[in-house]
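Only one structure is covered here, and it is reproduced in the block below.
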Amino acid sequence: MYDRMRSGSSELDAVSPRARTGVRWLARVLGAALAVHALHALTGAGGAGVDKVVSSWLYDGVLFGAALACGARAVLVPDRRLPWGVLASGLAAWAAGDLYWSLAVEGTPAENGVTVADAGWLAFYPACYLALGGLVRARVPRLPRSAWLDGLIAATAAASLGAALFLPALIDASAGAPTGTLIVNLAYPVGDLMLLAMVIGVFTATGWHIDRMWLLFGGGLVASAVADALYVDRLARDLYVSGGLIDTLWLAATLLMASAAWQRAPRVREARRSVWTLAVTVVAGLVAIGLSAYDHFVRIESSAMALATGTLVLAMARMLLAFRDNESMLSRSRTEALTDSLTGLGNRRRLLLDLGDALDGPRQQAMLVAYDLDGFKSYNDAFGHPAGDALLARLGGKLRDAVGGAGSAYRMGGDEFCVLIRDRSGAAEPIAARARAALAEHGRGFDVTASFGAVRIPDEAATTAGALQIADQRLYRQKSARAGSPRTQTRDVLMRVLREREPDLHDHLRSVARLASAVALRLGVSPEAVDEVARGAELHDVGKMAIPDAILDKPSSLDENEWGFIRRHTLIGEAILSAAPALVPVARLVRSSHERYDGNGYPDGLTGEAIPLGSRIIFACDAYDAMVSERSYAAAMSAEAALEQIRLGRGTQFDPAVVAALCDAVHAGDAGVDLLPGGPSGDELDAWSPVLPADQRQS
């Protein structure tokens, strides 16, 4: 018993060595006694003189030993003390009933009547019911209603089947007996039937995840019920012999239950469901339907029919509960799928649905505003991710309150938020500003604010993707141009140096940057790429700071050495910009900003798609703006004449796709307007580009 349970819980391991030794010896003695009883039942060894000792005294001793082992578990181990103590009392009552029978009843004329021994035997059943319930409660403190229903369905189905099969024969066998005797005779099979039903019900309710404790305990109860059924059958046919294998089976049942008391019984927080749960519930329903159908042809016991009907009613209740649980789970899943778990705001999926409704429904004005936090990464790095999550949750709540009933707030992920505002009376802008203020928080050592980009729907965007793209473009344009960012600071320094050297370049370079942004937008590049193109257009000739003025301003043709200086300026520009990590992507565009589509450019002789798209855009826009600008060495062309020159260079100097986008941008007037509403003004952008380079001038 205990020898096999040494790997039990810490509660069992805490039993004192002396008590542990005593339990081991008790287990060995009881095991040996069971073996002796089984041997005698099979062989009859020892003759009639031994029969009395084995069938009465050895039998009663094993019963009391099983009760003692179970009681020792309740006394020595506090965990689950009550259910094991109750079971020990039930086994003791069983043993006391047998002892009374051996001493006062066996062999007397009243042997076939109701005696005091029956009280002890019958007391075992309620003790088992209570112990079984207590062990279930201890194993699964939170058994859901669905699990209870599954167990009840299995139990009532088992009880109905047992009542239909065995009760009629038992009633017939007890015909003519006194009422008291009839009640007592029926109490045993009914008690066994209820025990079997409870075992099946408990196993079903706990998902048929059976550990060793439950296997031994349930096996003991089943063995006891089987022994009772065999006893009734043999007794009805006058074949029962005291001390036989049926008695051995009873002893084995009690020792199995006592062994179960010393097993490790893990506690689980909730019942785990398995496929067996569904299978048993389906079989239980089929049993009830089968009994109901069979009753139409052959009348079965009314109690069996009542239990079968109860099984069907419980199965219907289980179906309704499952339907309700599924609906609730589906509702929770929908909510979770559309909600950001950290802030409780709608997530990106919810925004797409709401934005689609706003665009597809009755025409009404709305504003979509995208926000991105500035300074949050520094906050996260300084104070840790838990503090960052707490800040995001707090800002999300403030954003929800700021929008109120005028719209909805969303968290797109990371430190990105959105609001969708219903613009019924032109009040969207104040709400958007209030929302932006809600996403700001300041303290010692940190300063978190928000950049934003807004788009009006349906006026500026007719599709969900278009609205999100425009809002993102405006957001990132503003974010990249914010004063104080590393990229902006580095750019401002370089632009100031170039401006000091060439004071007249400001307007020209700003025009090139704007036109390059317009062309990039028409080619569908990302908002970040648009910003890189604009920065590259501003700074693509920064390397010319290393070229002597005599070469740059030379009115005549350049010699070979002077051309060598010119062709190195893109490499110098790349080196200057690469010193600032924030401008490394721009440096790559600057390196290739004088590559020709046919491979005759410099410094690498790249061709076609091998040239970065941003560089192809800058090259074409710089050439166009140089042609339409007044220069000391050339008069300004008209826009159409300049475009015609650009078209002549398709496939040789310029990318054909870039040429088409450039022509469309010029015809649409994109070069003369702020292309990214919601972004910085022209003065804030301070975008500029160099004059037509000497190599283009000579050509």
Side-chain angles (χ1 to χ4, degrees), residues 326-372 396-397 399-436 438-439 450-478 518 520-530 664 668 670 673-679:
N326 288 339
E327 284 293 311
S328 176
M329 183 170 57
L330 181 60
S331 177
R332 287 196 304 271
S333 298
R334 287 171 179 165
T335 301
E336 291 170 359
L338 300 174
T339 304
D340 174 62
S341 59
L342 179 63
T343 62
L345 302 177
N347 58 17
R348 185 180 185 86
R349 190 178 291 108
R350 166 61 74 183
L351 172 63
L352 293 177
L353 291 174
D354 292 350
L355 192 54
D357 291 342
L359 289 168
D360 296 338
R363 183 179 178 86
Q364 57 180 354
Q365 294 297 315
M367 177 180 285
L368 173 68
V369 190
Y371 298 93
D372 189 83
L399 180 63
R400 182 193 299 108
D401 295 340
V403 176
S408 301
Y410 313 86
R411 180 181 175 226
M412 306 294 283
D415 58 355
E416 298 178 1
F417 295 84
C418 267
V419 295
L420 183 59
I421 306 170
R422 294 181 293 274
D423 192 8
R424 294 176 178 171
S425 57
E429 287 82 356
I431 296 173
R434 192 163 64 241
R436 184 186 186 189
L439 291 174
S451 298
F452 75 99
V455 57
R456 292 188 177 276
I457 55 176
D459 293 346
E460 294 183 296
T463 65
T464 300
L468 289 172
Q469 182 181 19
I470 294 173
D472 280 345
Q473 289 170 350
R474 295 173 178 176
L475 164 65
Y476 284 105
R477 179 64 177 271
Q478 183 193 88
L521 283 173
R522 287 186 172 274
L523 290 173
V525 302
S526 67
E528 296 90 337
V530 171
D664 291 341
D670 290 352
V673 298
D674 187 355
L675 298 169
L676 299 173

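Numbers here are sequence positions counted from 1. For clarity, every value in this text was computed on a predicted model and none was experimentally measured.
For the pair Ala450 and Leu439, the tightest heavy-atom approach, listed with the atom from each and the gap, is CB-CB, 4.0 Å. The minimum heavy-atom distance linking Ala435 with Tyr371 is given by the pair CB-OH, 3.4 Å. Ile421 and Ala428 get closest at one heavy-atom pair: CD1-O, 3.8 Å. Across all non-hydrogen atoms, the minimal contact from Cys418 to Leu368 is SG-CD1, 4.4 Å. Summarising the geometry of Ala454 relative to Met367, their closest heavy-atom pair is CB-SD, 4.1 Å, with the distance given to 0.1 Å. The heavy-atom pair separating Val455 from Ala471 by the smallest distance is CG1-CB, 4.0 Å.
Looking at Gln365 and Asp459, their side chains come closer than 4.5 Å, going by heavy atoms from C-beta outward. Between Arg411 and Leu342 the shortest side-chain heavy-atom distance falls below 4.5 Å.
Rounded to the nearest 0.5 Å, atoms CD1 (Ile457) and CG (Leu468) are 9.0 Å apart. Taking CG of Leu399 as the start and OG of Ser408 as the end, the distance is 10.5 Å to the nearest 0.5 Å. Taken to the nearest 0.5 Å, the CG atom of Asp415 stands 4.5 Å off from the CG atom of Asp372. For the atom pair CD1 of Ile470 and CD of Glu460, the computed distance is 6.0 Å after rounding to the nearest 0.5 Å. With rounding to the nearest 0.5 Å, the separation of CG in Asp401 from CZ in Arg434 is 10.5 Å. Taking OG1 of Thr463 as the reference point, atom CG of Leu355 lies at 8.5 Å (rounded to 0.5 Å).
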Exercise. Do Asp340 and Tyr410 pass the side-chain hydrogen bond (donor to acceptor under 3.5 Å, both in side chains) test, and can you show the C-alpha distance, the side-chain angles, and the key distance before you say yes or no?
Worked result: CA-CA 8 Å; Asp340 174 62; Tyr410 313 86; over 6 Å; no
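Under the side-chain contact (heavy atoms from CB on, under 4.5 Å) criterion, Ala406 pairs with Ile431, not counting sequence neighbours. Evaluation of the side-chain contact (heavy atoms from CB on, under 4.5 Å) rule for Thr339 yields Thr335 as partners, not counting sequence neighbours.
Tested against Leu345 for a side-chain contact (heavy atoms from CB on, under 4.5 Å), the candidates Met412, Arg350, Arg400 yield a single pass: Arg400.
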